[in-house]
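To start, the structure itself, in structure tokens.
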Amino acid sequence: MEPRTVTKVLVGNHAVAEAIRLARVQVVAAYPITPQTVIVERIAEMVESGELKAKYIRVESEHSALAAVYGAAAAGARAFTATSSHGLLYMYEMLWWLAQSHLPLVLALVTRAIGPPWNIHTDHQDLLTVRDAPWIIAMAENVQEAFDLTLQGFKISEDKRVLLPFMVGLDGFVLSHTAEPVSMPTQETVDAWLPPREPEPWVLEPGKPFAVGNVGPDEVTMELRWLLWRAVERARTVIREVDREYEKIAGRSYGGLVERYRLSDAKYVVVTMGAWSGDAKEAVDRLRDEGVPVGLLRIRFVRPFPKEEVLEVAAGSRAILVVDRAVSMGNAGVLGIEISSVVRGRIPVKNVIAGLGGTDTGYEDFEDMIRRFVEEYESGRTDKWLEPEWYMPWFKR
Amino acid sequence: MPVPIAKLAQVKRKGVVPGNPACMGCPHTLGLKILGKVLGDRAVLVVPAGCTSIIAGVYPRAGINMPVLHVPFASAGAVASGIAAAYDMIGRDGVVVVWSGDGGAADIGFATLSGAAIRNENILVIVSDNEAYMNTGIQASGTTSWRARTTTTPIYGKTEEKKDLALLMLLHRVPYVATASVGYPTDFAEKLENAAAIRGFRFIHLLSPCPPGWRFDADKTAHVAKLAVETGAWILWEYINGRFRISPMSRPYADPRRRKPIEEYLRLQGRFSHVKPEDVEFIKRRIEENWRLVKELEAFYRG
């Protein structure tokens, strides 16, 4: 059966808001921060105009935004919030509290550099800084995918095998403020696919004495962490299932935790995440035209991390180039570390840090990076790959 | 009308169960007990970090016989807002209660308390004020009394004055604000009933004298709580939708001649053992000033 869809031209932030409307979210709480603000402005408009039957809580901070939707989730409602950069950092405590309470909801993170200096443009430091908390963390490449992931987020998050919060990342301005055609399933289709949230037995109910989060023996903390670990692990299966199911209602699937681009016969693999993957793919195409056997692995999910997918790629190729938009100071780029931890020296991994603070990085830059990566490998100069390369062609050291 | 003590005694439901890990003479358990009797079958408790995080008991057991959601220190007002919003959407009744200490309300949680108040969220916030960070071992808070010794004001006593939370909340123009004391359970019970009957943001500032924190004997909690009122140091009042009223239990002490000497209250508490006569004079002046303000408010908000 042909999926029933509607196509509109939307900026990324409005696409996320449309997904919230279609998901029939019941409680939204948010605090404005550029470049996220437009999402919640649009949702506030939907709530006031009656397009979305929900409560919109105008909280006084991001910490309270996540606290409020946590309360809503703990009381059994479907809830959503959105933020960026400093807002996410201000939520940090609640990110853990919520996730370790095993509750589902969706948070849209419009990625933005962390100051100082003040900088409202994208990099992935905010998203990757929270990777150790038990969240399901996804990152979109384009506006369509930002929409799809937001909608899928509820399905994955509320799945009884998961019951963890879901973070969907989209690059600030590059996606949040850029209009693209977005194909959306109709409300009837979404309603059938994503029924109202079925609250767990531990939601709060008056007259039903029950304690959530009270002090326990130390072993309970460790046992809970293990249970959360298992839930994050189970999410792999659920993510793949939902990706396949979604094809039936929307006509699209992405390949699960990663997207594989020209990988089947690739000897060199570029790993990227987020919107600039489009530029990286352009570079891959150009190099392919020259006969360079390069392909791209795009990370769609940071948590759970696509270990099997990365290993599979490592097995069939010579070397991996990870282009990172976030750094773990004193070690390497965050994705560089993540990929290396899976590859474990099977093949050499080069890590390039680029595009921080929204620094313009186009297909020519990716071409340059990939070319040098291949040359270095072929001339046996991989020993210097222990250190990441800071890609700053304008900068005179 | 204060709820008759006999009526409270008839309620079999226990808000706090025996064997919970509270200190001897803990005022929070007194407050929770009354809360349990009045709203136990309707309340959902949101408890930020504080003494009650411990009183609530050790998993897999529980010390509080009501649904309890433990939440981080600075989040209670917002979490409760979210629960109230969800109940509205789902169509579930209940009284969403924030049960907080002074730190969680007056200091680290003040922004979220203020935010919830100004949005007139449909929640009831009870601040069980023991006038310091007792759970971490008696450090000064925004509501610690002037000159009170704590472990972070160890020699001279606190050099700043007590933050008047209830009046701050009143000026948020919310429908219900009251002060109460664990020494007057019937008055507190009445205020809980009145607050529960109203929709919107409701706030009760409950004075909770803490034996180890204030350094008095554990069998004197109710006595000290009463003395606070009888000396005029703590004034019981209630504001409901535009009408401000000094509560009957405090009414007699509007007349300074009827108040017990403040020295009697201070002397019982080790935390004030170092105060000088001139400090006592200052405290007396401050008490008189507070009374003038409260009387003015009563005159202003005649309803």
Side-chain angles (χ1 to χ4, degrees), chain A residues 24-29 31 53-79 81 90-94 96-98 101 103 105 196-197 199 202-217 219-221 223-224, chain B residues 13 15 17 21 36 39-48 53-90 92-97 109 111-116 118-119 121 123:
Chain A
R24 296 193 191 275
V25 167
Q26 293 165 302
V27 178
V28 178
Y31 192 76
K53 202 174 164 303
K55 293 271 172 193
Y56 183 98
I57 310 175
R58 291 184 302 274
V59 284
E60 74 294 337
S61 75
E62 286 91 354
H63 190 278
S64 284
L66 198 55
V69 290
Y70 158 66
R78 182 171 288 163
T81 186
Y90 203 41
M91 285 178 177
Y92 195 65
E93 175 187 37
M94 288 309 305
W96 284 84
W97 197 274
L98 162 68
S101 305
L103 288 168
L105 58 75
R197 181 180 156 203
W202 58 85
V203 303
L204 293 169
E205 222 177 291
K208 212 180 75 178
F210 193 82
V212 186
N214 55 336
V215 177
E219 288 76 11
V220 169
T221 297
E223 287 163 22
L224 175 67
Chain B
R13 169 184 275 275
V17 295
L39 297 177
D41 51 353
R42 288 190 281 161
V44 169
L45 267 56
V46 177
V47 177
S53 313
I54 309 302
I55 297 167
V58 177
Y59 175 88
R61 296 183 179 85
I64 296 175
N65 191 23
M66 289 175 266
V68 175
L69 185 65
H70 292 278
V71 302
F73 220 169
S75 70
V79 174
S81 304
I83 296 172
Y87 281 0
D88 258 7
M89 289 303 298
I90 294 166
R92 176 167 282 159
D93 290 329
V95 184
V96 182
V97 176
T112 184
L113 174 69
S114 173
I118 210 69
R119 294 190 303 270
E121 297 287 355
I123 63 175

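Numbers restart at 1 for each chain; the letters A, B, ... are given by sequence-line order, proteins then strands.
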Residue among [options] with most heavy-atom pairs under 4.5 Å to chain B:
options                     : answer
A:S61, A:A68, A:G216, A:A79 : A:A68
A:A75, A:A73, A:A77         : A:A75
A:R78, A:K53, A:Q26         : A:Q26

Worksheet item: Does atom OH of A:Y90 have more than 12 heavy-atom neighbours, drawn from other residues, nucleotides or ligands, at distances under 6.0 Å?
Response: no
Worksheet item: When you look at OH of B:Y87, are more than 12 heavy atoms from neighbouring residues, nucleotides or ligands closer to it than 6.0 Å?
Response: yes
Worksheet item: Do A:W97 side-chain atoms and A:G213 backbone N/O form a donor-acceptor pair below 3.5 Å?
Response: no
What part of [X] lies closer than 4.5 angstrom to a heavy atom of chain A: side chain, backbone, both or neither?
X      : value
B:A85  : both
B:A74  : both
B:T112 : both
B:V71  : both

Worksheet item: If you measure from OH on A:Y70 to OG on A:S64, what distance do you get to the nearest 0.5 Å?
Response: 13.5 Å
Discussion item. Is A:V220 in contact with chain B via its backbone, its side chain, both, or neither, using a 4.5 Å heavy-atom distance?
Written reply: side chain
Response to the item:
The interface call for A:A74 against chain B, heavy-atom contacts under 4.5 Å, is side chain
Discussion item. The criterion is salt bridge (charged side-chain N to carboxylate O under 4.0 Å, His left out); which residues satisfy it with B:E121, sequence neighbours excluded?
Written reply: B:R119
Fill in: Carboxylate-amine/guanidinium proximity below 4.0 Å for B:R13 and B:D41
no
Worksheet item: Can you name the closest pair of heavy atoms from A:V27 and A:V69 and give their distance?
Response: O-CG1, 4.2 Å
Do you know which of [options] has the most heavy-atom pairs with chain A at a distance under 4.5 angstrom?
options                     : answer
B:M66, B:M89, B:R61         : B:M89
B:P60, B:P72, B:S75         : B:P72
B:A62, B:A111, B:A56, B:A80 : B:A111

Worksheet item: Tell me, do B:V68 and A:F210 make a side-chain contact under 4.5 Å, heavy atoms counted?
Response: no
